[in-house]
Amino acid sequence: MSSGELPSSYDPVAAATRWSQAWAEADVDRADPARPGPAFSVVIPPPNVTGRLHMGHALNNTIQDVLVRYKRMDGFNVVWVPGTDHAGIATQWVVRRQLEAQGIDYRTLGREGFIEKVWAWKAETGGAIVSQLKRLGVSCDWSRERFTMDEALQKAVVEHFVRLHEQGLIYRAERLINWDPMDQTALSDLEVEYAKDARGQTKLEKGELFKFAYRFSDGSGEIVVATTRPETMLGDTAIAVHPDDERYKARIGQTVDHPFLDRKIPIVGDAILVDPAFGTGAVKVTPAHDFNDFAVGERHNLPKINILQPDGRLNDVAGPFAGLDRFEAREAVKAKLDELGLARGCDEHFLAIGRSQRSGAIVEPYLSTQWFVRMKPLAGPALAAVELGATKFHPKAWENLYYSWMRNIQDWCISRQLWWGHRIPAWTCDACGKIHVARQAPEACEGCGASALTQDPDTLDTWFSSALWPFSVFGWPDRTDDLDRYYPTSVLVTAFDIIFFWVARMMVAGIHFTGRPPFADVYIHALVRDENRQKMSKTKGNVVDPLDVIERTSADAFRFTLMLSCAQGRDILWDEKRVGDASRFVTKLWQALRYATMHAEGYDPSAPMAPSVYERWMEARTGAAVARVRDALDTYRFNDAAAEARAFVWDELCDWYIELTKPTLYREADPAHKNAVKHTLFQTLGAIARMLHPFMPMFTEELWHRLPSHAASGGGLVALAAYPKAEDFAIDAAVLDEVTWMQDTVTAVRNLRGEMELSPRVPLRLLVGDALLLARLGRHAGALEALAGVSLEAIAERPVGCATLVVRGAELLIPLEGVVDIAEELERLTKVIAKSAEDLDFLAKRLDNPDFIARAPADKVEELRDKVAAASARHEVLLRSQARLREAQ
RNA sequence: GGGCGGAUAGCUCAAGGGGAGAGCAGCGGCUUUACACGCCGUUGGUUGCAGGUUCGAAUCCUGUUCUGCCCACCA
């Protein structure tokens with residue numbers, strides 16, 4: 001591209017298409033295990049195939065892209081695997097609703113027919129999130145895109161299931177599980193959520209505690225129980241009391257009659273379940289419909305009577321109530337008890353009600369035969385991996401959450417009564433009922449030899465396949481070059497809300513199947529909330545669409561905003577205004593480039609260069625900035641990295657260096673010096689393009705190619721250029737000191753102008769008495785003229801009526817005749833002196849403290865002595881000036 | 001009922017034992033030949049509160065208040 005005349009503003013839309021094409025042509029994203037360099041591998045947290053890009057995705061993927069681009073430029077063999085998750089329940093729902101909208105009941109299609117519809121839907125709209133991701137400018141290796149229902153990944157899931165089963169870690173059992181009566185499927189404990197009250201604090205909902213009496217079979221009175229779910233009394237098989245409760249102790253072993261059903265119910269003593277102080281101290285026990293009661297049933301060998309159908313209606317066991325919905329039945333049972341004179345009142349009560357994460361239906365504890373993973377033995381090594389530091393969380397505080405979950409882990413219910421998902425690799429013999437778990441459908445029953453076997457109709461929890469993601473995407477269970485080269489992965493970037501669902505389960509599966517934890521680092525990032533600290537959600541209507549933001553601004557500005565906001569351990573409060581800040585930064589940098597290109601003419605990288613102290617200063621500052629940005633990136637402090645880079649560009653390059661180049665570039669000057677100035681400008685901008693590329697990939701590519709030095713430096717894409725290293729830049733302490741001194745002088749003059757409200761147009765003279773000082777300052781005459789509007793002059797004798805500046809203990813005078821009157825300067829000086837006295841006092845007091853001298857480290861004492869000396873000298877100079885000024889008055 | 005964060009300028013956040021910083025907002029100057037999406041200068045803080053440790057505390061310890069979150073089977 002020709003560098004010619006630069007447009008006055010950056011065109012993000014053109015840049016996006018131009019550079020994403022260029023990257024694709026150059027195979028920038030493409031990973032090749034055969035290439036050299038240490039591996040840096042990342043697997044994307046696969047978004048749901050039903051998903052649309054939201055702020056969380058944008059943040060999550062920008063972070064990964066920053067890391068991936070940084071490491072790629074830094075010589076690593078990088079792979080970033082993208083993909084999507086089949087999201088069993090969510091996807092089945094979406095397609096089901098779509099069919100319903102066309103008047104089709106999905107069940108009429110049959111299993112095969114429905115699944116075909118899902119695949120058709122996926123082919124048509126399922127890739128939306130992928131193309132949305134691309135607009136962020138992320139550099140995933142799209143040739144490796146995976147879907148958790150891909151054939152290869154299905155094979156991995158089968159292997160996962162079969163091996164765990166062989167090892168006795170997967171079992172089938174009748175248990176009380178969480179049942180969603182709306183979707184009619186089992187759920188894991190994690191998929192059950194509890195409502196939050198207005199404050200979002202507690203999760204109790206208003207309900208009632210209904211009391212009713214059971215009459216003893218022998219007619220010797222009644223016992224009153226309290227319940228929040230009266231309808232479950234149809235499944236009661238015991239009444240529990242505390243064994244030490246004097247009221248009921250003697251009743252243990254006796255029975256009561258069920259009022260509607262032909263059933264005698266025993267009184268049992270159970271110290272674990274019963275709190276004598278709560279309710280009536282007697283608890284009805286329904287082992288088939290309550291987790292606590294189930295445990296009581298196990299302890300006392302009680303029958304478990306299921307009163308529900310899968311759809312939440314009562315079954316035949318419920319006798320007169322059969323066919324009623326569970327909530328209708330509740331009222332009917334209460335009415336009936338009342339009618340029989342057994343109701344004993346009702347108290348208001350607050351309780352936790354579990355709802356399905358997906359459907360929102362109130363979850364029912366339900367007796368059912370399902371598949372489970374025995375988690376305890378699997379959790380041990382996964383726990384140890386973090387404890388021993390083989391996998392590290394950033395920020396570290398999240399390890400606590402991981403530990404607490406892993407240490408109290410329960411068995412995982414993995415079967416789902418859904419059609420869409422990984423089918424369970426288990427077959428039941430039609431003849432004898434024997435169950436076969438196998439990689440392929442068995443030819444014949446191992447028990448009776450019959451050939452008719454039926455595959456388990458259920459599918460697996462989506463997370464059962466996600467758990468394999470870090471190695472299934474590389475070809476596991478086969479041994480592949482990818483697996484050798486890229487597993488374990490380097491870092492997992494995700495939000496805290498799926499630490500249990502996903503991170504913990506990947507740790508478990510990864511260690512169990514490969515012997516190694518799946519990632520070295522886990523970076524947990526923040527949630528993006530709205531400006532009122534509310535979670536973004538469709539129902540609240542406060543969702544900000546990342547694509548809208550990109551359209552209004554640019555992907556580069558958007559990404560930079562996210563990174564500037566990305567402080568560890570804090571949520572991000574979204575404020576569109578901040579994208580404006582980032583856009584201004586893009587513009588600022590663009591303008592700096594414009595300035596550089598304006599002066600490109602005559603630049604010759606092979607011609608002689610005569611750099612001044614300012615060129616060497618710029619180089620040194622660049623090296624320091626590179627070091628700071630690298631350090632921040634290496635420790636996942638993205639906000640610091642972005643802020644350091646911005647401060648460097650704005651405060652050092654633009655506000656100082658570019659201004660310092662003007663006297664040289666706009667006037668006649670030594671050609672070798674001019675050449676060096678241009679060289680430094682281009683070099684610095686080139687370093688900035690590379691430094692910022694991970695944050696703003698398209699803009700920096702544009703910048704890189706527009707640099708007049710681009711062709712000369714060999715061309716190529718910045719995406720493939722080397723990330724700058726601090727050691728590439730010479731850092732000379734004397735140079736830094738010299739320029740800082742000049743800057744202090746300029747700032748002192750500007751400060752005076754500000755205080756005096758003197759326009760920069762008003763020329764001032766800067767008088768120096770000391771010949772040595774004058775010689776030194778003389779080297780910066782051009783800078784002082786350009787930046788502070790002062791001309792240097794030697795004086796033999798101090799003129800009357802001068803403003804005084806003290807820079808590094810030296811007195812500089814500015815004659816005020818005809819500019820401001822002496823009284824005004826006296827007033828200013830008095831303020832300055834007051835401050836100076838305060839400073840000196842503060843420092844001297846500390847030095848006067850004998851304890852400080854005695855106990856503080858020697859270097860701190862020395863440091864303070866120097867400070868006191870400097871402050872004291874400055875103060876003296878100021879006082880003398882004041883005295884002289886008073887005389888002059 | 002357990003556990004984990006957070007509280008610093010008007011706002012959003014830095015500083016993790018040595019005179020509290022940035023961006024935005026505010027105020028006062030600048031139509032300076034890259035940029036008014038700009039430049040220069042500048043106001044603003046008893047670091048939630050109360051104790052303690054230390055020569056020295058925003059920083060470490062104890063308590064406390066507010067605030068956000070996670071886990072848990074109280075009928």
Side-chain angles (χ1 to χ4, degrees), chain A residues 6 8-9 194 196 199-201 203 209 225-229 232 240 272-275 278-286 290-296 349 351-352 354 365 395 397-398 400-401 403-405 408 496-497 499-500 527 529 531 533 564-565 567 569-573 575 577-578 580-581 583-599 637 639-640 643 646-647 650-651 654-655 658-659 662 666 746-747 750-761 786-789 839 842-843 846 849-857 859-861 863-864 867:
Chain A
L6 199 65
S8 60
S9 68
Y194 294 88
K196 295 168 184 185
R199 284 178 67 212
Q201 188 72 351
K203 294 145 203 169
L209 196 58
V225 294
T227 180
T228 53
R229 302 197 49 195
T232 62
I272 299 171
L273 177 75
V274 182
D275 170 7
F278 187 89
T280 62
V283 188
K284 59 184 279 306
V285 179
T286 322
D290 181 280
F291 288 99
N292 287 314
D293 294 3
F294 184 87
V296 176
H349 183 66
L351 72 161
W398 291 110
N400 289 322
L401 191 66
Y403 290 147
S404 68
W405 163 254
N408 300 302
F496 75 87
D497 53 349
I499 288 180
F500 303 150
L527 252 40
R529 297 172 180 277
E531 62 274 22
R533 233 171 258 282
L564 270 175
S565 318
R570 264 188 214 248
D571 285 340
I572 294 175
L573 271 53
D575 184 350
K577 209 169 57 190
R578 294 194 176 198
D581 299 343
S583 296
R584 287 189 305 118
F585 176 54
V586 168
T587 304
K588 184 73 179 175
L589 188 47
W590 183 257
Q591 291 301 331
L593 173 68
R594 224 155 80 93
Y595 175 79
T597 53
M598 277 172 61
H599 298 282
R637 290 178 293 117
N639 57 327
D640 288 342
R646 182 180 60 177
W650 209 305
D651 303 344
C654 295
D655 289 348
I658 286 184
E659 294 306 321
K662 286 180 179 175
Y666 280 117
V746 168
T747 303
R750 284 171 172 175
N751 178 288
L752 180 81
R753 284 186 185 274
E755 293 286 326
M756 297 291 193
E757 300 195 0
L758 287 175
S759 157
R761 289 294 198 188
L787 303 188
D839 285 357
F842 174 83
L843 292 168
R846 280 173 59 196
N849 181 353
D851 285 334
F852 174 77
I853 306 290
R855 303 197 186 216
D859 60 318
K860 294 289 172 198
V861 176
E863 192 183 308
L864 188 59
K867 279 185 183 175

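Here is how names work: the chains are called A, B, and so on, in the same order as the sequence lines, proteins then strands, and each is numbered from 1. None of these values were measured; they are calculated from a predicted model.
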Comparing nearest nucleotides in RNA chain B, the 5'-proximal residue of the pair A/R855, A/E757 is A/E757
Quick check on RNA chain B: between A/L593 and A/R229, whose nearest nucleotide comes earlier from the 5' end?
A/L593
If you look at every strand shown and take non-hydrogen atoms under 4.0 Å, does [X] touch a base, only sugar-phosphate, or nothing?
{"X": "A/A643", "answer": "nothing"}
{"X": "A/L843", "answer": "base"}
{"X": "A/D839", "answer": "base"}
{"X": "A/L209", "answer": "nothing"}
{"X": "A/K867", "answer": "base"}
{"X": "A/P850", "answer": "nothing"}
{"X": "A/S404", "answer": "nothing"}

Look at the side chain of [X] and the backbone N and O of [Y], then say whether any donor-acceptor pair between them is shorter than 3.5 Å.
{"X": "A/N408", "Y": "A/S404", "result": "yes"}
{"X": "A/D571", "Y": "A/L527", "result": "yes"}
{"X": "A/D293", "Y": "A/T286", "result": "yes"}
{"X": "A/E755", "Y": "A/R750", "result": "no"}
{"X": "A/R753", "Y": "A/A788", "result": "yes"}

Between A/K588 and A/W650, the two heavy atoms sitting closest are CE-NE1, 3.5 Å
Taking all atoms of both residues into account, what is the closest heavy-atom pair of A/L209 and A/A226, and its distance?
CG-CB, 3.9 Å
Ring centres within less than 5.5 Å and planes less than 30° apart: is that true of A/F278 and B/A75 in this structure?
no
Rounding to 0.5 Å, atoms OG (A/S8) and CD (A/Q591) come to a distance of 7.0 Å
Just verifying a value: how many Å separate A/L593 CG and A/M598 CE, rounded to the nearest 0.5 Å?
11.5 Å
Using OP1 and OP2 only, check whether a side-chain N or O of [X] sits under 4.0 Å from [N].
{"X": "A/W650", "N": "B/C39", "result": "yes"}
{"X": "A/K588", "N": "B/C39", "result": "yes"}
{"X": "A/R846", "N": "B/G18", "result": "no"}

With 3.5 Å as the limit, what N/O pairs link the protein to nucleotides 41-43 of chain B?
{"from": "B/U42", "atom 1": "OP1", "to": "A/N751", "atom 2": "ND2", "distance (Å)": "2.7"}

Output row for RNA chain B, stems defined as at least 3 consecutive Watson-Crick or G-U pairs under 3.5 Å, is B:1-7 with B:65-71, B:10-13 with B:21-24, B:26-30 with B:38-42, B:48-52 with B:60-64
Among B/C55, B/C70, B/G23, which is the nearest nucleotide to the side chain of A/F852?
B/C55
Looking only at B/C24, B/G68, B/C35, the nucleotide nearest the A/R529 side chain is B/G68
Distance in angstrom units between [X] [atom1] and [N] [atom2], rounded:
{"X": "A/D275", "N": "B/A72", "atom1": "CG", "atom2": "P", "value": "21 Å"}
{"X": "A/R761", "N": "B/U33", "atom1": "CZ", "atom2": "C1'", "value": "10 Å"}
{"X": "A/F585", "N": "B/C35", "atom1": "CZ", "atom2": "C1'", "value": "13 Å"}
{"X": "A/Q591", "N": "B/U33", "atom1": "CD", "atom2": "C1'", "value": "13 Å"}
{"X": "A/W405", "N": "B/C4", "atom1": "CH2", "atom2": "C1'", "value": "17 Å"}

What's the gap between [N] and [M] when it is taken at their [atom1] atoms, as a whole Å value?
{"N": "B/A72", "M": "B/G2", "atom1": "P", "answer": "16 Å"}
{"N": "B/C60", "M": "B/G44", "atom1": "P", "answer": "28 Å"}
{"N": "B/A58", "M": "B/U47", "atom1": "P", "answer": "7 Å"}
{"N": "B/G23", "M": "B/G19", "atom1": "C1'", "answer": "24 Å"}
{"N": "B/U8", "M": "B/G45", "atom1": "P", "answer": "15 Å"}

Evaluate the side-chain proximity of A/L843 to A/L864: yes if any heavy-atom separation is below 4.5 Å, no if none is.
yes
Under the rule syn = chi within 90° of 0, otherwise anti, which is B/G16?
syn
